[in-house]
Amino acid sequence: MHRNLFAPGLALALFLAPATHAQPSDRPPAAVPGETTLPQGVALGGAFSLTDQAGRAVADGDLRGRWALLYFGYTSCPDVCPTELQTMAAALDALGPELGARVRPVFVTIDPERDTPERLADYVALFHPQLIGLTGSAAQVAQAARAYRVYYARARPGDGGGDAYLMDHSSFIYLLDPDGGVRALFRPGTTAENLAAALRRRLP
């Protein structure tokens with residue numbers, strides 16, 4: 001099971017939290033279907049320290065300087081995670097080589113027990129050559145998830161038993177601006193065409 005909405009109380013907490021990132025004074029562009037732009041003063045995102053698929057340390061500041069698409073999931077996810085990552089990949093391809101290279105796609109695991117850097121390396125390579133996979137200790141992943149109000153929990157054993165468990169988690173694609181601020185959320189099922197359109201409007 002995957003939660004397509006924030007867990008109870010988290011949605012309210014998100015919209016009442018104090019701002020931690022400066023928000024632009026200009027009006028945001030009109031949303032495409034599936035997109036939610038964040039109201040003025042809403043806080044989302046923050047500091048984290050993780051490890052990429054090559055074993056290199058990556059902090060939140062390392063994602064700045066370019067627009068970024070951020071998704072939280074896990075490599076054993078049977079359905080929504082691969083679908084959303086494929087949407088991200090198709091949106092980048094739809095932008096073309098020049099614009100697509102200016103967007104950094106990032107996948108953060110919420111299952112660090114199984115998702116080692118080596119496993120992430122094999123997984124992200126299935127979707128897009130630019131896709132960065134991030135993992136870390138349980139505490140590091142929890143810190144990143146809290147910053148982005150991501151709900152996740154071990155759900156139930158899978159058919160194989162042992163470590164073949166499933167994870168219950170919220171499922172949004174986050175759009176980060178070059179300063180690291182979250183500018184929009186995209187709900188599950190947002191099409192690659194609409195995601196590409198939202199990116200295209202923001203890329204100078």
Verdict with reasoning, Leu166 to Tyr74, per side chain to side chain contact (heavy atoms under 4.5 Å, CB included): CA-CA 9 Å; Leu166 300 177; Tyr74 66 114; 3.8 Å; yes
Does the side chain to side chain contact (heavy atoms under 4.5 Å, CB included) test come out yes or no for Ile173 and Leu195, once each step is laid out? CA-CA 9 Å; Ile173 295 173; Leu195 182 55; 4.2 Å; yes
Phe72 vs His169, side chain to side chain contact (heavy atoms under 4.5 Å, CB included): CA-CA, chis, key distance, verdict: CA-CA 8 Å; Phe72 288 79; His169 64 98; 5.8 Å; no
Could you please spell out the steps behind the side-chain hydrogen bond (donor to acceptor under 3.5 Å, both in side chains) verdict for Asp115 and Thr75? CA-CA 7 Å; Asp115 288 343; Thr75 66; 2.5 Å; yes
Starting from the C-alpha separation in whole Å, work towards a yes-or-no answer on side chain to side chain contact (heavy atoms under 4.5 Å, CB included) for Thr51 and Val58. CA-CA 5 Å; Thr51 302; Val58 175; over 6 Å; no
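Between Asp111 and Tyr152, every side-chain heavy-atom pair lies at or beyond the 4.5 Å cut-off. Residues Pro112 and Ser137 form no side-chain contact, since every pair of their non-hydrogen atoms from C-beta on lies 4.5 Å or further apart. Side-chain contact between Leu126 and Val124: absent, with no pair of heavy atoms (C-beta onward) separated by less than 4.5 Å. Taking 4.5 Å as the limit, some side-chain heavy atom of Leu95 sits within range of a side-chain heavy atom of Leu199. Side-chain atoms of Gln53 and Ile132, non-hydrogen and from C-beta on, do get closer than 4.5 Å to each other. A 4.5 Å side-chain heavy-atom check between Phe107 and Leu70 finds every atom pair outside the cut-off. In this structure the side chain of Arg183 never reaches within 4.5 angstrom of the side chain of Leu176, judged on heavy atoms. In this structure, the side chains of Arg104 and Leu69 stay at 4.5 Å or more apart for every pair of heavy atoms.
Taking both residues in full, the closest heavy atoms of Leu92 and Pro105 are given as CD1-CG, 3.5 Å, listed atom of the first, atom of the second, then distance. Between Leu185 and Leu44 the shortest heavy-atom distance is CD2-CD2, 3.9 Å. Listed here is the closest heavy atom pair of Ala192 and Ala91: O-CB, 3.6 Å. In terms of heavy atoms, Arg119 sits closest to Ser76 at NH2-OG, 2.8 Å. Nearest heavy-atom pair across Leu203 and Arg102 is C-NH2, 4.2 Å. Summarising the geometry of Asp52 relative to Pro117, their closest heavy-atom pair is O-CB, 3.6 Å, with the distance given to 0.1 Å.
Ion pair Arg201/Glu35 flagged as a salt bridge, since at least one NZ, NE, NH1 or NH2 atom sits closer than 4.0 Å to an Asp/Glu carboxylate oxygen.
A distance-only check finds a donor-acceptor pair linking the side chain of Asp177 to the backbone of Asp179 [under 3.5 Å]. Proximity of a side-chain donor or acceptor of Asp62 to a complementary backbone N or O of Ala59 within less than 3.5 Å is detected.
With 3.5 Å as the limit, one finds a donor-acceptor pair spanning the side chains of Asp93 and His128. Looking only at atom types and distance, the side chain of Ser171 has a donor-acceptor partner in the side chain of Tyr71 under 3.5 Å away.
Interatomic distance, CZ of Phe186 versus OG1 of Thr36, reported as 9.0 Å (0.5 Å rounding). For the atom pair OG1 (Thr135) and CD (Glu118), the distance works out to 10.0 Å, reported to the nearest 0.5 Å. A distance of 9.0 Å separates CG of Leu50 from CG of Asp60, quoted to the nearest 0.5 Å. Note that SG of Cys81 and OH of Tyr123 are 5.5 Å apart. Values are rounded to the nearest 0.5 Å. Considering CG of Leu134 and CD of Gln140, their distance stands at 10.5 Å, rounded to 0.5 Å.
In summary, of the residues considered (Gln86, Glu84, Met88), a side-chain contact (heavy atoms from CB on, under 4.5 Å) with Phe127 occurs for Gln86 alone.
Aromatic rings of Tyr148 and Tyr174 (six-membered ring for Trp) have centroids within the 6.0 Å cut-off, being under it.
Annotation: cation-pi pair Arg114/Tyr165 present, NZ/CZ under 6.0 Å from the ring centroid and within 45° of its normal.
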